[in-house]
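Single-structure report; data block below.
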Amino acid sequence: MSIFNNYARYYDLLYLDKDYVGETKFIQQLIQTHAPNAQNILELGCGTGNHAVLLAKEGYQIHGVDLSQEMLRKADSRLSQLDPELASQLKFTHGDIRHLRLNQTFDVILSLFHVISYQTTNEDLLAAFTTVKEHLKPGGIFVFDIWYGPAVLSDRPSVRVKRLEDEEIKVTRVAEPVIYPNENLVDVNYQIFIQDKTSGAVEEIQETHQMRYLFKPELDLLLKDVGLKIINDMEWMSRRALGFHTWGSVFVVDFL
């Protein structure tokens, strides 16, 4: 997943239209429903810290972990611009969610924006879920989202183009997916073109993000293997029941 070191340079611009405020409210509602007394949160795959900062503003202590050093540099830069009292509620650490051991437990563990779908083998998934089990307090919850298998196979991934710009650069991202139905994997092949508005120079980045789409019965089995169970599931943000068009699905997990 070192691909994110290049990707991170343009990550915040590419997701400028992402509803981080709405998503944070949704996450907070799940926490208030299932772990109303929660005070501290571990975020596995925190990226550049957008969700973490918003959750800190709601009063939570947040420990974010990410594999990408470049993402964490952006998160730390964001931290340095915050009010010191708010900044004191946030901590960012480099680590691999499959092997992370902080010797600390948390009321809530989050893994958002399909970080779990980046765990592409059964071994990776079991390792990530074991990390969750090791860091979750009794009575705590684990919240994660994934690419949901029935939707991926019913509404198959297609070529998409995204264009965004700020005062300095224009970014065009072309995503071309290749699906491997026997492995439950999708290779998303990205071409990213970055044009400097001043000089007109264009830089091109190519990278592949391999994603695993998952089904509820296999999640049940993998989670059970490490002593966890699903207690709620729904479509991301809308709360509708999971189905053939639920690409973005969210699961709430606690101990068996």
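The ring-ring contact (aromatic ring centres under 6.0 Å, His included) pairs that include a residue from residues 22-80 are Tyr20-His51, Phe26-Trp236, where partners are two or more places apart or lie in different chains. Sorted by first and then second residue, the pairs that involve residues 101-115 and meet salt bridge (charged side-chain N to carboxylate O under 4.0 Å, His left out), not counting sequence neighbours, are Asp107-Lys137.
The aromatic rings of Trp247 and Trp147 sit perpendicular to each other, their planes meeting at more than 60°, with 30° as the lower class boundary.
The backbone N or O of Phe215 lies less than 3.5 Å from a partner atom in the side chain of Glu218, making a donor-acceptor pair. Side-chain atoms of Ser111 come within 3.5 Å of backbone N or O of Leu44 as a donor-acceptor pair. Side chain of Lys133 to backbone of Val226: a donor-acceptor contact under 3.5 angstrom is found. Using modelled atom types, one side-chain atom of His135 and one backbone atom of Leu102 make a donor-acceptor pair closer than 3.5 Å. Under the 3.5 Å distance criterion, the side-chain polar atoms of Arg173 are left unmatched by any main-chain donor or acceptor of Val161. Formation of a donor-acceptor pair under 3.5 Å by the Ser249 side chain with backbone atoms of Thr246 is not found in this model.
Using a 4.5 Å heavy-atom cutoff, the side chains of Tyr213 and Pro181 are in contact. Phe92 is listed as a side-chain neighbour of Leu79, based on a closest heavy-atom distance under 4.5 Å. Side-chain contact between Val53 and Leu90 is present, with at least one heavy-atom pair separated by less than 4.5 Å. Within the 4.5 Å cutoff, the side chain of Arg212 has no heavy atoms near those of the Gln119 side chain. Here the side chains of Leu30 and Met234 are in contact, with some heavy-atom distance below 4.5 Å. Residues Phe251 and Ile116 have side chains not in contact (no heavy-atom distance under 4.5 Å, counting atoms from C-beta outward). No side-chain heavy atom of Leu136 sits less than 4.5 Å from a side-chain heavy atom of Phe106.
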**Test side-chain contact (heavy atoms from CB on, under 4.5 Å) applied to Lys197 and Ile169, step by step** = CA-CA 5 Å; Lys197 285 186 171 182; Ile169 59 172; 5.7 Å; no
**Request:** Evaluate the criterion side chain to side chain donor-acceptor pair (under 3.5 Å) for residue pair Tyr118 and His209; output intermediate values, then yes/no.
**Result:** CA-CA 8 Å; Tyr118 278 93; His209 293 208; 2.8 Å; yes
**Prompt:** Are Phe129 and Asp124 close enough, and set up right, to give a side-chain contact (heavy atoms from CB on, under 4.5 Å), and what steps lead you there?
**Reply:** CA-CA 9 Å; Phe129 291 153; Asp124 290 338; over 6 Å; no
**Item:** side chain to side chain donor-acceptor pair (under 3.5 Å) between Thr208 and Asp187, worked out
**Value:** CA-CA 6 Å; Thr208 297; Asp187 281 347; over 6 Å; no
**Item:** Asp254 vs Phe142, side-chain contact (heavy atoms from CB on, under 4.5 Å): CA-CA, chis, key distance, verdict
**Value:** CA-CA 6 Å; Asp254 69 5; Phe142 170 41; over 6 Å; no
**Request:** List the steps and the verdict of side chain to side chain donor-acceptor pair (under 3.5 Å) for Glu134 and Thr131.
**Result:** CA-CA 5 Å; Glu134 292 294 317; Thr131 294; over 6 Å; no
**Message:** Before you tell me yes or no, could you show the steps for Asn40 and Ile62 under side-chain contact (heavy atoms from CB on, under 4.5 Å), namely the whole-Å CA-CA distance, both residues' side-chain angles and the distance that decides it to 0.1 Å?
**Reply:** CA-CA 6 Å; Asn40 63 351; Ile62 315 289; over 6 Å; no
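Residue-environment remark: CZ (Phe193) exceeds the threshold of 12 foreign heavy atoms within 6.0 Å. Under a cut-off of 6.0 angstrom, the local environment of CD in Glu165 is crowded, with over 12 non-hydrogen atoms contributed by other residues, nucleotides or ligands. The neighbour count for Glu204 CD, taken as heavy atoms of other residues, nucleotides or ligands under 6.0 Å away, is above 12. Enclosure of atom NE2 in His245 is not indicated, since only 12 or fewer non-hydrogen atoms of other residues, nucleotides or ligands lie within 6.0 angstrom. Atom NZ of Lys229 is surrounded by more than 12 heavy atoms from other residues, nucleotides or ligands within 6.0 Å.
None of Leu42, Asp96, Leu72 except one satisfies the side-chain contact (heavy atoms from CB on, under 4.5 Å) rule with Val65; the exception is Leu42.
Here CD of Glu123 is found 9.5 Å from CG of Leu222. Values are rounded to the nearest 0.5 Å. From His99, atom NE2 reaches atom OG1 of Thr130 across 11.0 Å, with rounding to the nearest 0.5 Å. Taking NZ from Lys74 and OG from Ser77, the interatomic distance works out to 7.5 Å, rounded to the nearest 0.5 Å.
Smallest separation of non-hydrogen atoms from Ile97 and Gly45: CG2-N, 4.2 Å. Here the closest non-hydrogen pair linking Cys46 and Gly64 is SG-C, 3.6 Å. Between Gly243 and Pro150, the shortest heavy-atom distance links the atoms O-CB, 4.2 Å. Considering all non-hydrogen atoms of both residues, Ser154 and Phe244 come closest at OG-CD2, 3.1 Å. Heavy atoms only, all atoms of each residue included: Asp19 and Met237 are closest at OD2-CE, 3.9 Å.
Looking at Ser88 and Glu85, their side chains never bring a donor and an acceptor atom within 3.5 Å of each other. Side chain to side chain, Gln61 and Gln89 fail the donor-acceptor criterion of an N or O pair below 3.5 Å. Counting only N and O atoms by type, the side chains of Asn232 and Arg239 include no donor and acceptor under 3.5 Å apart.
The side-chain tip of Lys18 points at the ring of Phe113 from less than 6.0 angstrom away and within 45° of straight on.
The cluster map of Ile, Leu, Val, Met, Phe, Trp and Tyr, joined by side-chain heavy atoms under 4.5 Å apart, puts Leu126 and Leu185 in different clusters.
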